[in-house]
Undergrad: 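Below is the structure I would like to discuss, written out as structure tokens.
Each chain gets a letter, A, B and so on, in the order the sequences are listed, and its residues count up from 1.
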Amino acid sequence: MNTDFGRVVVIGYGKATGEILKYTDDRQADYGYELEFIEHEPHVLGVTRQICEERGIPFASMPDKRELAGYLGEIQEKTLIVSASNNFLFPAAVVERENITIINFHNALLPEYPGRNAPSWVIYQGEARTGITWHYVTAGVDEGNIIIQKSCEIGSDTKAYELTETLMDLAYEGFCECFDSVLQENAEAKPQGFSPERRMYRSSEIPGGGVLHPEEPTENAYRLLRSVDYGKSGIFPPVQMEIDGKRAEILRYRKIAPEKKKEGTDMRYLPFADGELLKIKYRML
Amino acid sequence: MEEKILEVLEEYCEEALSYTGDNMMEEGVIDSFTVINIVSELEDVFDIEIDAKYVVAENFRNKEAIIELVRQLVEE
């Protein structure tokens with residue numbers, strides 16, 4: 001198999017990145033490119049370093065944006081950069097270089113939900129479906145032509161971290177499907193076709209402002225809680241609510257059947273329309 | 001307590017019960033998403049808070065480490 005790319009650089013963190021790293025390593029023999037991995041955002045439970053060590057893949061940690069931009073900007077050979085679960089925004093000086101092609105995995109069906117934390121926003125907005133997009137990277141955020149998309153349903157109890165896991169599996173699946181065409185430079189990439197209402201989600205934005213209003217339908221509260229639930233990762237601060245005129249932060253929540261209701265301290269139950277209950281454990285601030 | 005913890009592990013990662021090594025994360029027995037599920041369930045079952053500082057590979061290296069972590073937090 002032939003490609004003009006002499007080098008493949010994988011950047012990212014998390015499950016999809018690890019799988020993609022292994023896949024690109026496995027395919028190295030087919031194309032003969034040099035492979036390397038750059039860690040820009042370390043993950044406390046990440047396994048990419050181990051994968052690199054086990055397989056002998058060059059590994060570099062570059063948490064500094066300027067250092068990373070400078071490193072990429074000095075690459076001379078024709079290079080494919082695979083940005084998988086990566087929040088580093090490639091500067092124009094890198095993107096516009098003729099010898100560099102960058103593909104990025106976005107965790108939504110572009111052009112919908114560009115920007116950060118898309119799984120949270122699709123849950124919060126009550127979408128029934130979402131998916132992933134592999135696209136070419138341009139100087140604009142999440143604006144490049146679409147290479148491949150994969151979609152999935154969003155369950156009525158799906159939490160952000162669960163959806164993220166599904167999307168990472170889809171990202172890996174999509175990557176395997178399009179990798180050859182990208183390397184061979186014959187991928188049929190399609191323009192996104194932006195609507196005037198296109199809205200960019202920023203990292204500073206929190207669904208619902210991060211505040212739960214118990215007087216609203218419990219379905220809304222549950223959607224809010226699920227949308228910001230990434231376990232202990234701290235992507236979002238704990239959701240807050242007002243209790244007896246004072247602020248409290250929600251520690252955990254669960255949808256339960258009414259017969260499982262147990263009184264406890266710092267606990268509140270909100271009724272769903274179908275009779276089930278939303279159990280909320282909180283801490284006064 | 002141990003029995004309850006093993007029940008949680010069985011629900012979310014049965015393989016962890018028979019694992020005898022010392023690094024479930026590295027060896028692919030458990031991944032970060034499964035850890036989130038286990039943490040969430042353990043918090044609910046034992047009514048404890050497992051702070052993010054405890055959610056590291058070291059504390060999820062095998063079932064014994066998880067049991068020890070919960071034991072410490074319950075006794076606090």
Undergrad: Tell me, for B:Val39 versus chain A, whether the close heavy atoms (under 4.5 Å) come from the side chain, the backbone, both or neither.
TA: side chain

Undergrad: For the CZ atom on A:Arg129, are there more than 12 heavy atoms of other groups (residues, nucleotides or ligands in this structure) within a distance under 6.0 Å?
TA: yes

Undergrad: Counting heavy-atom pairs under 4.5 Å with chain B, which one of A:Lys232, A:Arg283, A:Arg252, A:Lys159 comes out on top?
TA: A:Arg252

Undergrad: If I measure from the heavy atoms of chain B, does A:Thr164 come under 4.5 Å with its side chain, its backbone, both, or neither?
TA: both

Undergrad: Mind checking the NZ-CZ spacing from A:Lys15 to B:Phe33? Nearest 0.5 Å is all I need.
TA: 6.5 Å

Undergrad: Would you check if A:Leu251 and B:Glu43 make a side-chain contact, meaning some heavy-atom pair closer than 4.5 Å?
TA: no

Undergrad: Enter the distance from B:Asp44:CG to A:Lys279:NZ here, rounded to the nearest 0.5 Å.
TA: 4.0 Å

Undergrad: Considering only heavy atoms, which portion of A:Gln50 lies under 4.5 Å from any heavy atom of chain B: side chain, backbone, both, or neither?
TA: side chain

Undergrad: With a sphere of 6.0 Å drawn around CD of A:Glu259, does it hold more than 12 non-hydrogen atoms of other residues, nucleotides or ligands?
TA: yes

Undergrad: Heavy atoms only, distances under 4.5 angstrom: which of B:Glu49, B:Met25, B:Lys53 has the most pairs with chain A? Name it, please.
TA: B:Glu49

Undergrad: When only pairs under 4.5 Å are counted, which of B:Ile50, B:Val55, B:Ile36, B:Val56 shares the most heavy-atom pairs with chain A?
TA: B:Ile36

Undergrad: Salt bridge or not between A:Lys281 and B:Asp47? Use side-chain N to carboxylate O under 4.0 Å.
TA: yes

Undergrad: Rounded to the nearest 0.5 Å, how far apart are OH of A:Tyr13 and OG of B:Ser32?
TA: 10.5 Å

Undergrad: Evaluate whether atom CD of A:Gln125 has more than 12 neighbouring non-hydrogen atoms of other residues, nucleotides or ligands under 6.0 angstrom away.
TA: yes

Undergrad: Give the intermediate values and the outcome of salt bridge (charged side-chain N to carboxylate O under 4.0 Å, His left out) for residues B:Glu41 and A:Arg254.
TA: CA-CA 10 Å; B:Glu41 191 69 22; A:Arg254 185 158 294 215; 3.0 Å; yes

